[in-house]
*Asks:* 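Pasting in a structure now, in structure tokens, and then I'll have a few things to ask.
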Amino acid sequence: MTRDAAHLLPSGEPVMLLDPDGNPVGVDLPTDDALIRAYAALVAARRLNDQAYALVRQGRLAVYPSSHGQEACQVAAAHVLSPGDWLFPTYRDTAAIAARGVDPVQALTLLKGDWHSGYDPVATRVAPQATPLATHLLHAVGVAHAGRLRGEDAVVMAICGDGATSEGDFHEALNFAAVFRTPVVFFVQNNEYAISVPLSRQTAAPSLAHKGIGYGIPGERVDGNDIAALLTVLGAAVEKARSGEGPQLVEAHTYRVQAHTNADDASRYRDADEVAPWIARDPITRVETYLRGRGLLDDQKAAGYAASAAEMAEHMRAGLNTDVVADYRDLFAYVYAEPTPQLREQQALVADELTREEVR
């Protein structure tokens, strides 16, 4: 009944293939093509983060939880998936959604304040972004279990942060996934803070990856600013889940460089001296240095990737600067396939109220 405990233990130190200076320190790096593709996506992700922050200041987004500095986690989570796999993101994973191929304007619709996610989850295989911590992990397990019952080989990538590991839903999701051996990769982006609560006040475990042991789930740790290591570790986890080895737990060690959201003042609970070393560990600079050293990237190619990211930012500005004409009937049309009497009554009340306001 029990699994070999040694098989479940994560590595003593986070897996690293490129050091902070961009030097290779491991073997079996991803292919050159995979790293070039990842670099282009990293540049786009950084521009998305910066543009989204600007759109908040312009009043075009209600809020934006930036993944600035965590872009390697975002890109890798999307790039290791096959077209038939699923991505279950959190509110901070807009860049991962875009890296999965979703239009950034659609990906930001929810954060603009609309009532829907902005994209078709079934068509894109990307679940709506989850604001409540860890609730979507249970949904991810359910989708993975259903796919397995149907004989599909799809894997579900379920992303969460370190704060989510303190929630009961995290426990329930891991326990169910382990018992039913569902093909889920639980990907914890440990950025050291749950809003203002540091990791030291959330857990006494040696690492968050060690939490898998109690459920019989293998855990692994990886440098969250090393795109090469992330592609390798997450890719291996996806293939293990796909091949029938059950759920996997991966913890990425990274850092939330910016505030929790644009509404947060991070200076109230951490010093700038704490942030500075992580800025020096920037994931884009790391892989760019490696690619340039290998002769795989030069100024012309880098400028091309930057230009493509600038075009994406212009598309974001144009799309999100357009006011949407709201139709109140949409609030009721997509709740049930056949509206209930209560829904019809509520819709009639809203229609009546709007009619009376027009008369005034």
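The shown structure was predicted, so the numbers you read here are calculated from the model rather than taken from an experiment.
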*Asks:* Got a salt bridge between Asp299 and Arg292, using NZ or NE/NH1/NH2 to carboxylate O under 4.0 Å?
*Replies:*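 Judged by the 4.0 Å cut-off on N to carboxylate O distance, Asp299 and Arg292 do form a salt bridge.
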
*Asks:* Only one of Gln70, Glu71, His68 clears side-chain hydrogen bond (donor to acceptor under 3.5 Å, both in side chains) with Asn49; which?
*Replies:*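 One option only clears the test, and that one is Glu71.
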
*Asks:* Is it possible for you to say whether Val156 and Val185 belong to one hydrophobic cluster, with membership spreading through side-chain heavy-atom contacts below 4.5 Å?
*Replies:*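 Val156 does not cluster with Val185.
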
*Asks:* What are the two closest non-hydrogen atoms of His79 and Ala38, and how far apart are they?
*Replies:*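 Closest heavy-atom pair between His79 and Ala38: CE1-CA, 3.9 Å.
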
*Asks:* For Arg270, is there an ion pair with Asp265 - N to carboxylate O distance below 4.0 angstrom?
*Replies:*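 No, no charged N to carboxylate O under 4.0 Å.
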
*Asks:* Show every side-chain hydrogen bond (donor to acceptor under 3.5 Å, both in side chains) that has at least one partner inside residues 313-338, sequence neighbours left out.
*Replies:*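 The answer is Gln51-Arg317, Arg60-Asn321, Arg60-Asp323, Asp103-His315, Glu314-Arg317, Asp327-Arg329, Glu338-Arg344.
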
*Asks:* Determine, for Asp32 against Arg37, whether the closest basic-nitrogen to carboxylate-oxygen distance falls under 4.0 angstrom.
*Replies:*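 So Asp32 does not pair with Arg37 through a salt bridge.
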
*Asks:* When rounded to the nearest 0.5 angstrom, what distance separates OG1 in Thr165 from CG in Asn190?
*Replies:*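 Those atoms lie 8.0 Å apart.
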
*Asks:* Find out whether Cys160 and Phe88 are in side-chain contact, i.e. whether some heavy atom of one side chain is under 4.5 Å from a heavy atom of the other.
*Replies:*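 No. Closest side-chain heavy atoms not under 4.5 Å.
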
*Asks:* Would you check if there is a donor-acceptor pair between the side chains of Gln248 and Glu220 at a distance under 3.5 Å?
*Replies:*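 The criterion, which ignores hydrogens and geometry beyond distance, is not satisfied for Gln248 and Glu220.
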
*Asks:* Might you point out which heavy atoms bring Gly12 and Arg221 nearest each other, and give the distance in Å?
*Replies:*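 Scanning both residues, the minimum pair turns out to be O-NH1, 2.6 Å.
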
*Asks:* Does one side chain, of Asp162 or Gln202, offer a donor that lies under 3.5 Å from an acceptor on the other?
*Replies:*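 Side chains of Asp162 and Gln202: pair found under 3.5 Å.
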
*Asks:* Just distance, no hydrogens or angles: give the donor-acceptor pairs under 3.5 Å from side chains in residues 205-215, sequence neighbours left out.
*Replies:*
{"residue": "Ser207", "atom": "OG", "partner": "Ala209", "partner atom": "N", "Å": "3.3"}
{"residue": "Ser207", "atom": "OG", "partner": "His210", "partner atom": "N", "Å": "3.3"}
{"residue": "Ser207", "atom": "OG", "partner": "His210", "partner atom": "ND1", "Å": "2.6"}
{"residue": "Tyr215", "atom": "OH", "partner": "His171", "partner atom": "ND1", "Å": "3.1"}

*Asks:* For Tyr269 and Asp264, test the side chains for any donor-to-acceptor distance below 3.5 angstrom and give the result as yes or no.
*Replies:*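 Tyr269 vs Asp264: donor-acceptor pair found between side chains.
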
*Asks:* Answer yes when Asp85 and Arg242 have at least one side-chain N-carboxylate O distance shorter than 4.0 Å, and no when they do not.
*Replies:*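 Salt bridge: yes.
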
*Asks:* Counting only pairs under 3.5 Å, give me each side-chain donor-acceptor contact of residues 128-139, with atom names and distances, residues two or more places apart or in other chains.
*Replies:*
{"residue": "Gln129", "atom": "NE2", "partner": "Thr90", "partner atom": "O", "Å": "3.2"}
{"residue": "Gln129", "atom": "NE2", "partner": "Tyr91", "partner atom": "O", "Å": "3.3"}
{"residue": "Gln129", "atom": "NE2", "partner": "Thr94", "partner atom": "OG1", "Å": "3.1"}
{"residue": "Thr135", "atom": "OG1", "partner": "Pro132", "partner atom": "O", "Å": "3.4"}
{"residue": "His136", "atom": "NE2", "partner": "Ile159", "partner atom": "O", "Å": "2.6"}

*Asks:* Do Thr254 and Asn225 get their side chains close enough for a donor-acceptor pair, meaning under 3.5 Å?
*Replies:*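 Their side chains do contain a donor-acceptor pair, which is all the 3.5 Å distance test asks for.
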
*Asks:* Please give me the minimum heavy-atom distance between Phe186 and Ala173, naming the atom from each residue.
*Replies:*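 Where Phe186 meets Ala173 most closely, the heavy atoms are CZ-O, 3.8 Å.
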
*Asks:* Other than Ile195, which residues form its hydrophobic cluster under the rule that side-chain heavy atoms must be closer than 4.5 Å?
*Replies:*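 Taking Ile, Leu, Val, Met, Phe, Trp and Tyr as members, Ile195 stands alone, with no cluster partners.
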
*Asks:* Quick check: closest heavy atoms across Leu320 and Lys112, and the distance to 0.1 Å?
*Replies:*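 Heavy atoms of Leu320 and Lys112 come nearest at O-NZ, 3.5 Å.
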
*Asks:* Taking only residues two or more places apart in sequence or in another chain, which ones pass side-chain contact (heavy atoms from CB on, under 4.5 Å) with Pro30?
*Replies:*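 Pro30: side-chain contact (heavy atoms from CB on, under 4.5 Å) contacts with Leu17, Ala34, Leu35, Ala228, Leu231, Thr232.
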
*Asks:* State plainly whether the residues Asp352 and Arg356 are in salt-bridge range, i.e. N to O under 4.0 Å.
*Replies:*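 Here Asp352 pairs with Arg356 in a salt bridge, since their nearest N and O are under 4.0 Å apart.
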
*Asks:* Applying side-chain hydrogen bond (donor to acceptor under 3.5 Å, both in side chains) between Arg92 and each of His260, Gln189, Gln74, report the one that passes.
*Replies:*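 It is His260; the other options fail the test.
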
*Asks:* Would you indicate whether the side-chain heavy atoms of Val15 and Asp223 approach each other to under 4.5 Å?
*Replies:*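 No; the side chains remain at least 4.5 Å from each other.
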
*Asks:* With a 3.5 Å cut-off and sequence neighbours excluded, list the donor-acceptor pairs that the side chains of residues 143-151 form with protein atoms.
*Replies:*
{"residue": "Arg148", "atom": "NH1", "partner": "Phe180", "partner atom": "O", "Å": "3.2"}
{"residue": "Arg150", "atom": "NE", "partner": "Glu152", "partner atom": "OE2", "Å": "3.0"}

